[in-house]
Amino acid sequence: MQELEKELASVSQFLCEDHLAQAMEQRVKYVRELSKEIPFYARKYKELGIDPDEIRTPQDLLKAYQKGLYTTGDDLPYLTTDYDVFRQYFITSGTSGKGKIVAITRDDLKRATRQCERSYSSFINENDIILNCFPSSPAVSGTVTIEGISPFPIKLFHASAQTLSDVEMFLTYYHMFKPSVIFGLTTSVYRLPIKLIEKGINSQELSINKILTGGEPSSIEKRKTISKEFGEAEVYDWYASSENMIIAYERTPLSNEYEVTTPDTLLFLVKDSNEVSEGEIGDVLITNLYEIGENPHMILLNYKIGDWAKCLRKRKDHSVSLISDIRRWAAYLAGAKLDPTEIEKAVEELKEGLYRDKLSGEYTVINYHDKEDRKAVGEIRVESKKKLSPEEKEEVAKKLREEIYLTNIPVKTLVEEIKDAKLLIEITDPGELYKGYEKHIKPGKPIRLLNFLT
């Protein structure tokens, strides 16, 4: 009997995968047809010697990438459709202080809703009461998360992103609505327990049992801290962008395994012109897919978003369905990458040890060239929880450097041995994390990388 059940389950999975493969092929052909109407792609096809009619499958799109067909953030203004439809415009936060303008049509929102539903269905229950603190317009995340959850029979209150930073405002809404679930930017949720403690309130006693984080990259260590400080709450993370909406999501809390939102998202992981194998890290390449007849604002084929991730599972068509260790942003030190989430991980580990009462968890990396010796500089700033003595700051900075060098040998080699780069570490007083760079900081989520390299 068990063997029969296994065989039936295998057949069912095969049929499901076969149906998904057909859907993916249909959608690839559809966006290919839409791309023909856009001068940017028409010119690209001609320049690269690509016959667009030969792009029929996801694998064909990968082959087109290998011939040079891809897009970047600089191309976004030239990838828009000319349909006479409603469009709502948004501004991305940008990772180096430079935001991008994006827009969505009603059909883009339908696609985003489908993506959201896949994640929500894995953890949202009908008796949940949600406090949604993802930012409203001009950011897109608040709009998408609300629209995406509208098919579910739950109660939701949408507050401003500042709610999690303003403890009085948070407590007002908490006592008013008694939420059991919080949606919010990772750092805002992470900082909330500290602010509550200042009011004599233990976050573990609030009965917040589920948390959705997103809007910025974060380490699994930071999300585990969030879970612990909210009484072992289930923490789910989203990998999303304003251009692509919900790219992937954690189906299991704190798993660090992200399901790609197929068939609405086609994702490849590549290194140079080659796809990577399972277990390897590659650059993220995304194509937004639509149902037949939908009219999107923008056509994104093989979009190089600038992120990288580990491949956990691939499909027969070479697309990736499960990813991990998502990384965005990097400081470049003479050829070595210094990923800000490496800093985050090291800070979290220090907080779990001797420096629990000394660090707030806030950090930033400033990347620039030294004008005198022309070396690339990575300046790490970590905020203290309270004012520390110079000796204490030096001790923390030394330990942080040791932790970074332990995991990032290329950075250590270039800084300490080859000496082609500099790594500066400063422990700042509370509130002085961005001192001297205030003009580059905008309201909203924190800037983890200020990049002035040219």
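Not measured: the values here are computed from a predicted model. Starting from 1, each residue takes its place in the sequence as its number.
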Contacts of type side-chain hydrogen bond (donor to acceptor under 3.5 Å, both in side chains), residue Tyr363, not counting sequence neighbours:
Glu344
Residue pairs passing the salt bridge (charged side-chain N to carboxylate O under 4.0 Å, His left out) test with at least one member in residues 276-301, sequence neighbours excluded, are Arg27-Glu291, Arg114-Glu291, Arg114-Glu294
Check whether the ring centres of Tyr65 and Phe268 lie less than 6.0 Å apart, and answer yes or no.
no
Consider only side-chain N and O atoms of Ser219 and Glu348, and report whether a donor and an acceptor are under 3.5 Å apart.
no
Of the options Ile326, Ile286, Asp264, which is the one that meets Ile247 in a side-chain contact (heavy atoms from CB on, under 4.5 Å)?
Ile286
From OG (Ser360) to CD (Glu383), nearest 0.5 Å:
3.5 Å
Is there a donor-acceptor contact under 3.5 Å from the side chain of Ser150 to the main chain of Glu147?
yes
Quick one: salt bridge (Lys or Arg N to Asp or Glu O under 4.0 Å) partners of Asp108, sequence neighbours excluded?
none
The reported gap from CG in Asp237 to OG in Ser218 (rounded to nearest 0.5 angstrom) is 4.5 Å
Donor-acceptor pair, distance only, cut-off 3.5 Å: does the side chain of Asp107 make one with the backbone of Asn295?
yes
Under the 3.5 angstrom rule, does the side chain of Glu438 hit a backbone N or O of Gly436 as a donor-acceptor pair?
yes
Would you confirm whether Arg118, through its side chain, and Thr262, through its main-chain N or O, come within 3.5 Å as a donor-acceptor pair?
yes
Sidechain N-carboxylate O distance under 4.0 Å for Glu392, Lys387
no
Does any N or O in the side chain of Tyr41 come within less than 3.5 Å of the main-chain N or O of Leu301, such that one atom is a donor and the other an acceptor?
yes
Note: Leu338 and Ile343 closest approach over all heavy atoms is CD1-CD1, 4.0 Å
Spacing of Ile220 atom CD1 and Asp325 atom CG [to the nearest 0.5 Å]:
9.5 Å
Taking the side chain as every heavy atom from C-beta outward, state whether Leu285 and Leu269 have any pair of such atoms under 4.5 Å apart.
no
After noting the C-alpha distance and the side-chain angles of Val181 and Leu212, does the key distance pass the side-chain contact (heavy atoms from CB on, under 4.5 Å) rule?
CA-CA 8 Å; Val181 184; Leu212 175 63; 5.7 Å; no
Enumerate the residue pairs fulfilling salt bridge (charged side-chain N to carboxylate O under 4.0 Å, His left out) with a member in residues 161-186, sequence neighbours excluded, ordered by first and then second residue.
Glu168-Lys199
Using modelled atom types only, decide if a donor and an acceptor are shared between the side chain of Thr81 and the backbone of Met298 within a distance under 3.5 Å.
no
Going by the rule side-chain hydrogen bond (donor to acceptor under 3.5 Å, both in side chains), which residues pair with Thr261 if we only count those two or more places apart in sequence or in a different chain?
Gln115, Thr265
From Ile447, Leu449, Leu423, residue fulfilling side-chain contact (heavy atoms from CB on, under 4.5 Å) relative to Val365
Leu449
For the side chain of Asp307 and the backbone of Val284, is there at least one donor-acceptor N/O pair under 3.5 Å apart?
no
Does any non-hydrogen side-chain atom of Glu117 lie less than 4.5 Å from one of Pro151?
yes
Does any pair with a residue in residues 178-208 pass ring-ring contact (aromatic ring centres under 6.0 Å, His included), and if so which ones, sequence neighbours excluded?
Tyr120-Phe183
Rounded to the nearest 0.5 Å, what separation is found between the CD1 atom of Ile427 and the CG atom of Leu433?
10.0 Å
Are Phe177 and Leu131 close enough, and set up right, to give a side-chain contact (heavy atoms from CB on, under 4.5 Å), and what steps lead you there?
CA-CA 8 Å; Phe177 297 101; Leu131 178 64; 5.6 Å; no
Check side-chain hydrogen bond (donor to acceptor under 3.5 Å, both in side chains) between Thr163 and all other residues, then give those that pass, not counting sequence neighbours.
Ser160
Using a strict 4.0 Å threshold on nitrogen-to-oxygen distance, state whether Arg356 and Glu352 make a salt bridge.
yes
Side-chain contact, heavy-atom cut-off 4.5 Å: Leu206 with Ile201?
yes
Are Leu34 and Tyr83 close enough that some pair of their side-chain heavy atoms sits under 4.5 Å apart?
yes
Below 4.5 Å, heavy atoms only, C-beta onward: do Leu171 and Leu196 meet side chain to side chain?
yes
With rounding to the nearest 0.5 Å, note down the distance linking CG in Asp60 to CG in Asp317.
10.0 Å
Quick one: does any side-chain atom of Thr72 pair with a main-chain N or O of Lys304 as donor and acceptor, under 3.5 Å?
no
Check side chain to side chain contact (heavy atoms under 4.5 Å, CB included) between Lys29 and all other residues, then give those that pass, not counting sequence neighbours.
Arg32, Arg56
Go through it in stages, so that I can follow the logic: the residues are Asn209 and Ser180, the test is side chain to side chain donor-acceptor pair (under 3.5 Å), and I'd like the CA-CA distance, side-chain angles, deciding distance and then a yes or no.
CA-CA 6 Å; Asn209 54 54; Ser180 57; 4.5 Å; no
Please tell me if the side chains of Val28 and Leu289 come closer than 4.5 Å, counting only heavy atoms from C-beta onward.
yes
If we ignore angles and hydrogens, is there a donor and acceptor under 3.5 Å between the side chains of Thr428 and Arg381?
no
Going by salt bridge (Lys or Arg N to Asp or Glu O under 4.0 Å), name the residues that satisfy it together with Arg87, two or more places apart in sequence or in a different chain.
none
Does the distance from a Lys or Arg side-chain N to an Asp or Glu carboxylate O, for Glu250 and Arg223, drop under 4.0 Å?
yes
Write down the atom of Asn367, the atom of Val377, and the distance for their closest heavy-atom approach.
ND2-O, 2.8 Å
Looking at the rings of Tyr258 and Tyr239, which for Trp means the six-membered one, are their centres under 6.0 Å apart?
no
Kindly indicate, with the supporting measurements, whether the criterion side-chain contact (heavy atoms from CB on, under 4.5 Å) is fulfilled by Lys385 and Leu359.
CA-CA 5 Å; Lys385 187 181 290 187; Leu359 300 178; 5.9 Å; no
Check whether Thr225 reaches the backbone of Glu221 with its side chain - one donor and one acceptor, N or O, closer than 3.5 Å.
yes
Does the side chain of Met245 reach to within under 4.5 Å of the side chain of Leu109, using non-hydrogen atoms?
no
Would you call Glu362 and Arg448 a salt bridge, using N to O less than 4.0 angstrom?
yes
Main chain of Val235, side chain of Ser227: is a donor-acceptor contact present, judged purely on distance under 3.5 Å?
no
Ile149 CD1 to Ser121 OG distance, which is reported to the nearest 0.5 Å
10.5 Å
Where at least one partner belongs to residues 122-150, residue pairs that pass ring-ring contact (aromatic ring centres under 6.0 Å, His included), sequence neighbours excluded
Phe123-Tyr236
Going by the ring-ring contact (aromatic ring centres under 6.0 Å, His included) test, which pairs reach into residues 275-313, not counting sequence neighbours?
Tyr89-His297
Do any pairs count as a side-chain hydrogen bond (donor to acceptor under 3.5 Å, both in side chains) and have a residue in residues 126-144, sequence neighbours left out, and if so which ones?
Asp128-Lys210, Asn132-Thr145
